[in-house]
Amino acid sequence: MIRIITATLLLITLATIETSLIASLPGVLALIPLVLMAAVYFIQHRGSTIGIWWLAGYGLFLDVMGIGYGIGETVIYLIVGVLAYLVSQRTFSNRSLYGVLGCGLFAISTSAVLHLGFQFVKTTYTENDILWIEAGTFYVWQVAILMIALFLVFNLSSRLEKFKLI
Amino acid sequence: MKLIPTPKRMRRFFGVSLAAVIVLIVLLFIGGYTTRALALVQRPLIVVGTWVSDLSGGLRSRSALIAENRDLQNKVLALTVFETELENLRDENTSLKLQLGYIMETDLIQVTAHVTARQVSPDASVISVDRGSDDGLAVGDPVIVQEGVIIGKISQVTSKSATVRLLSDRHSNAAATILNHDRTLGIVAGSSGALLNFDFIPQNTKLDVNDVVITSGLEESVPYGLVIGVINSISSNETDPFKQAVIESVVDYRRYTMVSVIIGANEL
């Protein structure tokens with residue numbers, strides 16, 4: 001139970017930092033997907049299902065805060081979490097750097113496809129089209145930042161594991 | 001590869017799942033209170049992030065500053081002309097008020113709110129604030145900074161918090177008027193980036209770059225005269241019945257950590 005409470009508090013902390021501090025930073029620094037990065041680390045490197053619930057919880061956090069797509073974010077991030085976990089178990093089964101980066105790439109690509117799919121459905125009810133170039137640029141930057149961040153976290157992971165928070 | 005989970009893993013999985021679902025449901029139901037409590041942590045984080053953003057903005061290159069200075073000088077010139085026109089209108093307005101015996105002043109009620117979160121997305125520009133329906137906020141209320149520059153409208157409200165859809169959001173729009181000779185009416189809508197579009201301007205309308213665009217007062221909750229921005233460029237094709245203008249806001253929406261919401265404007 002203590003682990004669950006710790007994990008929940010940690011999720012809220014990371015989500016708060018991502019939507020308040022990071023989102024206010026200039027340029028591409030605002031695109032750091034902190035929660036996704038942490039979730040991928042736990043799913044792939046630690047083999048923990050907590051990453052799935054972190055992603056679902058992050059989606060709910062966005063919906064509760066009113067800065068998501070209605071109930072869309074909870075569903076999208078839950079799907080991303082489940083698929084990332086399955087991929088980590090079946091495809092990227094080793095816990096090497098390449099496994100973590102592969103799982104991260106898969107997770108953020110799935111998130112991008114689902115978000116764009118959600119937007120595509122939304123455009124059938126509104127006059128706005130999807131801005132493909134802007135969306136493409138956004139996700140390319142986010143992928144690059146996630147890869148760099150996962151690389152750094154992977155190399156620091158031995159130190160992080162000493163704390164044994166989760 | 002562990003394809004078949006052990007009973008211990010399954011129990012652990014369902015235990016975690018159950019606890020997570022309970023926590024999430026609680027969060028959902030007490031969302032208003034959660035956001036208010038979180039706002040205590042979010043406010044300083046937003047301030048720090050915005051400070052870093054401002055700091056990096058000050059480190060721009062010299063050539064960029066020279067270009068900005070030239071642009072600002074042009075704007076000052078245009079605003080000086082506008083101010084003269086405004087002074088004439090003020091005199092005229094005072095005179096008309098006296099003639100009509102109009103003594104009631106318009107008292108718009110403003111509620112100050114802190115920005116608690118920002119959405120980062122290619123599709124939307126949305127912020128969250130720490131005031132809600134308990135403070136009198138309602139969907140459609142205009143959100144302003146600097147006592148009169150509109151930056152967005154309330155799109156969603158809970159008892160303790162609200163979501164603001166910024167004018168730069170692609171799903172945002174506002175009834176507007178251009179302060180030109182004809183006082184052209186229209187709709188300003190968000191586009192990609194920080195610029196706004198003013199469409200369906202009749203081809204024969206005379207417009208100039210740096211003309212000021214304000215709210216027209218035709219929307220129920222949005223009063224007349226809130227500054228939206230200035231015309232940045234005009235695109236016109238003589239064969240088309242309409243021309244378009246690109247509007248640039250006079251403020252940077254991302255630099256504000258505190259905003260004001262005008263409430264009850266439709267009741268005046």
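Every chain is numbered from 1 and lettered A, B, ... according to where its sequence line falls, protein lines coming before strand lines. None of the values given here were measured: they were computed from a predicted structure.
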Checklist entry - If you round to the nearest 0.5 Å, how far is OG1 of A:Thr16 from CG of B:Leu38? => result 4.5 Å

Checklist entry - Roughly how far, to the nearest 0.5 Å, is the CZ atom of B:Arg165 from the CD1 atom of A:Ile67? => result 11.5 Å

Checklist entry - Looking at side-chain heavy atoms only, is the closest gap between A:Ser24 and B:Val52 below 4.5 Å? => result no

Next on the checklist: Taking side chain as everything from C-beta outward and backbone as N, CA, C, O, which of these in A:Ile22 sits under 4.5 Å from a heavy atom of chain B? Side chain, backbone, both or neither.
Outcome noted: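 Neither part.
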
Item to check | Segment of A:Thr49 engaging chain B (4.5 angstrom heavy-atom cut-off) | outcome: side chain

Checklist outcome for this item: Heaviest contributor of heavy-atom pairs below 4.5 Å to chain A, chosen from B:Gly49, B:Pro44, B:Ala189, is B:Gly49

Checklist entry - Checking side chain to side chain contact (heavy atoms under 4.5 Å, CB included) for the pair B:Gln42/A:Met65: CA distance, chi angles, key distance, verdict? => result CA-CA 12 Å; B:Gln42 289 169 317; A:Met65 294 297 295; 3.2 Å; yes

Next on the checklist: Tell me if a side-chain donor or acceptor on A:Ser20 pairs with a main-chain N or O of B:Leu45 at a distance below 3.5 Å.
Outcome noted: no

